Asks: 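Questions regarding the structure given below will be posed in turn.
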Amino acid sequence: MKQYLLYLSLFLSFGMLQAQTLFTENFDVFPTTWIRTNQSEPVGTSNWQQGNVSGFGTGFNGGSTSYASVNYNSVAAASAGPISNWLVTPTISLKDGDVIKFYTRAGSNFSTIPDRLELRLSTDGETSIVPSTGSTDLGSFTTIAAAVNPNLTPSVYPVTWTEVLYTVEGLPTETACKLAFRYFVTNGGPTGANGNAIWIDALTINRTLLATGEFFKGNFTVWPTPASNVLNIANNSEFDILALQITDLNGRTVKEVKGMTSQINISDLNSGVYFMKITTAQGAGTTKIIKR
């Protein structure tokens, strides 16, 4: 049984995936580093804003006003027209496989009134062009990453907090990007047939890291193994190494170095199997070593 548990432990150590959180926003207060622009026609006085105390509930993570909202007053009073109201994030570095997640809902009092939300992506980072010339202007946010009720159908937009996911694709290397939430409703406004109010909350962007063995193999080299006295270590990546640990089969740390080192002396260790773990800000990797 002990041997079985040991093998299971090793399997988990090498097989589990890790996630790195790149970005998070819970709208406990409205983010001052985000850009708001209302390109609705005729433009109204309303814009994306901090949530209000509402009989419909609280933010996804709790808090009576911990969400962002926008509504039909994006169009001028006593008018109807296209709503195109934008909320743009700061620059975020993204690549293939990153998972963007947020939650959204609409007010349940007018659930039959069609609403629509788009999550759009610009790959121009700080030079991204924010829409400025009316309801059809997309700026550099030409990619639709996700859409809630894209066909603007009645009674489809969720009236309870609902998760929306998008996995980044088409960016094989890290790319400076901006995301934009676009409240996009045709024939909206105070006298239009469409558009009521929507909320968003709990935006997170996570990067799934490789299993620890694969992460190590892809970024570091250790030799020789088996070794009698000295292990050589090469960093084949651009990652800054935070710590290096050698543990025995019982999980006890027998050697530890802070930062990067090109060699580590193992002559004082007993013969047998050990594991070397290298930790970076981008993740951690583990490999097996043998002391002769």
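Note that the coordinates shown come from a computational prediction; the quantities given were computed from them, not determined experimentally.
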Asks: Test of understanding: clusters of I, L, V, M, F, W, Y form through side-chain heavy atoms closer than 4.5 Å, transitively. Do F184 and I83 belong to the same one?
Replies: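 Hydrophobic grouping puts F184 apart from I83.
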Asks: What pair of heavy atoms forms the shortest contact from L231 to P224, and how long is it?
Replies: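 Nearest heavy atoms, L231 then P224: CD2-O, 3.2 Å.
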Asks: Under 6.0 Å between the ring centres of F27 and W48?
Replies: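 Aromatic pair excluded; centres sit 6.0 Å or further apart.
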Asks: Show the numbers, then the answer: is there a side chain to side chain contact (heavy atoms under 4.5 Å, CB included) between N236 and N219?
Replies: CA-CA 5 Å; N236 306 320; N219 296 293; 5.7 Å; no
Asks: Mind listing the closest non-hydrogen atom pair of L94 and D98 along with its distance?
Replies: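 Heavy-atom minimum between the residues: CA-OD2, 3.3 Å.
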Asks: Give a yes or no on whether the backbone of S79 and the side-chain of T191 come within a donor-acceptor separation of less than 3.5 Å.
Replies: yes
Asks: Under the criterion ring pair (Phe, Tyr, Trp, His ring centres under 6.0 Å), I'd like the reasoning laid out for W161 against Y103: C-alpha separation, chi angles, the key distance, then a yes or no.
Replies: CA-CA 6 Å; W161 286 114; Y103 291 80; 7.3 Å; no
Asks: Go through L138 and R120 one step at a time and tell me if the side chain to side chain contact (heavy atoms under 4.5 Å, CB included) criterion holds.
Replies: CA-CA 9 Å; L138 302 177; R120 286 183 168 267; 3.7 Å; yes
Asks: Judged by modelled atom types alone, do Y157 and T104 share a side-chain donor-acceptor pair under 3.5 Å?
Replies: yes
Asks: Under a 3.5 Å cutoff, is there a donor and acceptor pairing between the side chains of S84 and W86?
Replies: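 A donor-acceptor contact under 3.5 Å links the two side chains.
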Asks: Does one side chain, of N151 or T153, offer a donor that lies under 3.5 Å from an acceptor on the other?
Replies: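 Absent: no donor and acceptor within the cut-off.
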Asks: State, without any angle test, whether T37 and Q39 hold a side-chain donor-acceptor pair at a distance under 3.5 Å.
Replies: yes
Asks: How many angstroms lie between atom CZ of F275 and atom OG1 of T286, to the nearest 0.5 angstrom?
Replies: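 Rounded to the nearest 0.5 Å, the CZ-OG1 separation comes out at 8.5 Å.
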Asks: Within a strict 4.5 Å, meaning less than it, do heavy atoms of the I92 and I205 side chains meet?
Replies: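 The answer is yes; the side chains approach within 4.5 Å.
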Asks: Do V148 and V164 have side-chain heavy atoms sitting under 4.5 Å apart?
Replies: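 Side-chain contact under 4.5 Å: yes.
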Asks: Going by atom types only, do N71 and Y183 share a side-chain donor-acceptor pair under 3.5 Å?
Replies: no
Asks: Looking only at atom types and distance, does a side-chain atom of Q245 sit under 3.5 Å from a main-chain N or O of K277, one as donor and one as acceptor?
Replies: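 No.
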Asks: Regarding S74 and N85, do their side chains bring together a donor and an acceptor under 3.5 Å, going by distance alone?
Replies: yes
Asks: Once you round to the nearest 0.5 Å, how far does CG of L121 lie from CD1 of I100?
Replies: 6.5 Å
Asks: Do other residues, nucleotides or ligands put more than 12 heavy atoms under 6.0 Å from the CG atom of D240?
Replies: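 No.
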Asks: Please answer whether the main-chain N or O of T58 pairs with a side-chain N or O of S64 as donor and acceptor at a distance below 3.5 Å.
Replies: no
Asks: Nearest heavy-atom pair of V230 and A227: which atoms, and what distance?
Replies: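 So the minimum-distance heavy-atom pair works out to O-CB, 4.0 Å.
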Asks: For T247 and R252, test the side chains for any donor-to-acceptor distance below 3.5 angstrom and give the result as yes or no.
Replies: no
Asks: State yes or no: do I144 and V156 share one hydrophobic cluster built from I, L, V, M, F, W and Y residues joined by side-chain heavy-atom distances below 4.5 Å, directly or via other members?
Replies: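 Shared cluster, no.
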Asks: Are S262 and I233 side-chain neighbours, meaning at least one heavy-atom pair lies under 4.5 Å?
Replies: no
Asks: Quick one: does any side-chain atom of D124 pair with a main-chain N or O of T127 as donor and acceptor, under 3.5 Å?
Replies: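 No; judged by distance alone, with no hydrogens or angles, the pair does not exist.
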Asks: Is there a continuous path of hydrophobic side-chain contacts, each under 4.5 Å between heavy atoms, that joins M260 to I289?
Replies: yes
Asks: With a 4.0 Å cut-off on N to O distance, would you call R116 and E118 a salt bridge?
Replies: no
Asks: Measure the CZ-CG distance between R105 and L117 for me, rounded to the nearest 0.5 Å.
Replies: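 If I round to the nearest 0.5 Å, the distance is 14.5 Å.
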Asks: Got more than 12 heavy atoms from elsewhere within 6.0 Å of NZ, K255?
Replies: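 Enclosed.
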Asks: So how far is it from R182 CZ to F141 CZ, rounded to the nearest 0.5 Å?
Replies: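 So the CZ of R182 and the CZ of F141 are separated by 11.5 Å.
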Asks: Would you give the length of the straight line joining atom CH2 of W223 to atom OG1 of T225, rounded to the nearest 0.5 angstrom?
Replies: 12.5 Å
Asks: Check the side chains of S93 and E174 for a donor-acceptor pair under 3.5 angstrom, ignoring hydrogens and angles.
Replies: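 Yes - a donor-acceptor pair under 3.5 Å links their side chains.
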Asks: Is there a path of hydrophobic side-chain contacts, each under 4.5 Å between heavy atoms, that joins I198 and L152?
Replies: yes
Asks: Does L87 reach the side chain of I200, with side-chain heavy atoms less than 4.5 Å apart?
Replies: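 The answer is yes, as the side chains (C-beta and beyond) meet within the 4.5 Å cut-off.
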Asks: Run the salt bridge (charged side-chain N to carboxylate O under 4.0 Å, His left out) test against D137 and tell me which residues pass, sequence neighbours left out.
Replies: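 Scan of D137 (salt bridge (charged side-chain N to carboxylate O under 4.0 Å, His left out), adjacent residues dropped) gives none.
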Asks: Going by atom types alone, do S54 and N52 pair a side-chain donor with an acceptor below 3.5 Å?
Replies: no
Asks: Answer yes or no: is there a side-chain heavy-atom contact under 4.5 Å between S128 and S140?
Replies: yes
Asks: Mark yes or no for whether N235, through its side chain, and F239, through its backbone, hold a donor-acceptor pair below 3.5 Å.
Replies: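 Present.
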Asks: Checking F102 against F60 for the ring pair (Phe, Tyr, Trp, His ring centres under 6.0 Å) test, could you report, in this order, the C-alpha distance in whole Å, the side-chain angles of both residues, the deciding distance, and whether it holds?
Replies: CA-CA 10 Å; F102 66 94; F60 173 76; over 10 Å; no
Asks: Do you know the tightest heavy-atom contact between N194 and V185?
Replies: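 In terms of heavy atoms, the two residues are closest at CB-CG1, 3.4 Å.
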Asks: Do T280 and F220 have side chains that approach each other closer than 4.5 Å (heavy atoms only, starting at C-beta)?
Replies: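 Side-chain contact under 4.5 Å: yes.
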Asks: Could you tell me if the side chain of F216 sits less than 4.5 Å from the side chain of I278, heavy atoms only?
Replies: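 The answer is yes; the side chains approach within 4.5 Å.
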Asks: Decide whether I241 and M276 are clustered together by the hydrophobic rule: side chain heavy atoms of Ile, Leu, Val, Met, Phe, Trp, Tyr closer than 4.5 Å, transitively.
Replies: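 I241 and M276: one cluster.
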Asks: For L249 and V273, which heavy atoms make the closest approach, and how far apart are they?
Replies: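 Minimum heavy-atom separation between L249 and V273: CG-O, 3.8 Å.
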Asks: Determine, step by step, whether V43 and V75 satisfy the side chain to side chain contact (heavy atoms under 4.5 Å, CB included) criterion, reporting the C-alpha distance in whole Å, the side-chain angles of both residues, the deciding distance to 0.1 Å, and the verdict.
Replies: CA-CA 5 Å; V43 66; V75 168; over 6 Å; no
Asks: Before giving the answer on side chain to side chain contact (heavy atoms under 4.5 Å, CB included), spell out for T91 and E126 the whole-Å C-alpha distance, their side-chain angles and the decisive distance to 0.1 Å.
Replies: CA-CA 6 Å; T91 298; E126 286 298 316; 2.5 Å; yes
Asks: Regarding N61 and N26, is there a side-chain donor-to-acceptor distance under 3.5 Å anywhere?
Replies: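 Yes, N26 and N61 have a side-chain donor paired with an acceptor closer than 3.5 Å.
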Asks: Can you tell me if CD on Q49 sees more than 12 non-hydrogen neighbours from other groups inside 6.0 Å?
Replies: yes
Asks: When rounded to the nearest 0.5 angstrom, what is the spacing between CH2 in W199 and CG in D115?
Replies: 12.5 Å
Asks: So do the side chains of N232 and V222 get within less than 4.5 Å of each other, counting heavy atoms only?
Replies: no
Asks: Using a strict threshold of under 4.0 Å (side-chain N to carboxylate O), is an ion pair present between R207 and D96?
Replies: no
Asks: Quick one: closest heavy-atom pair of D28 and S66, and the distance?
Replies: OD1-OG, 3.2 Å
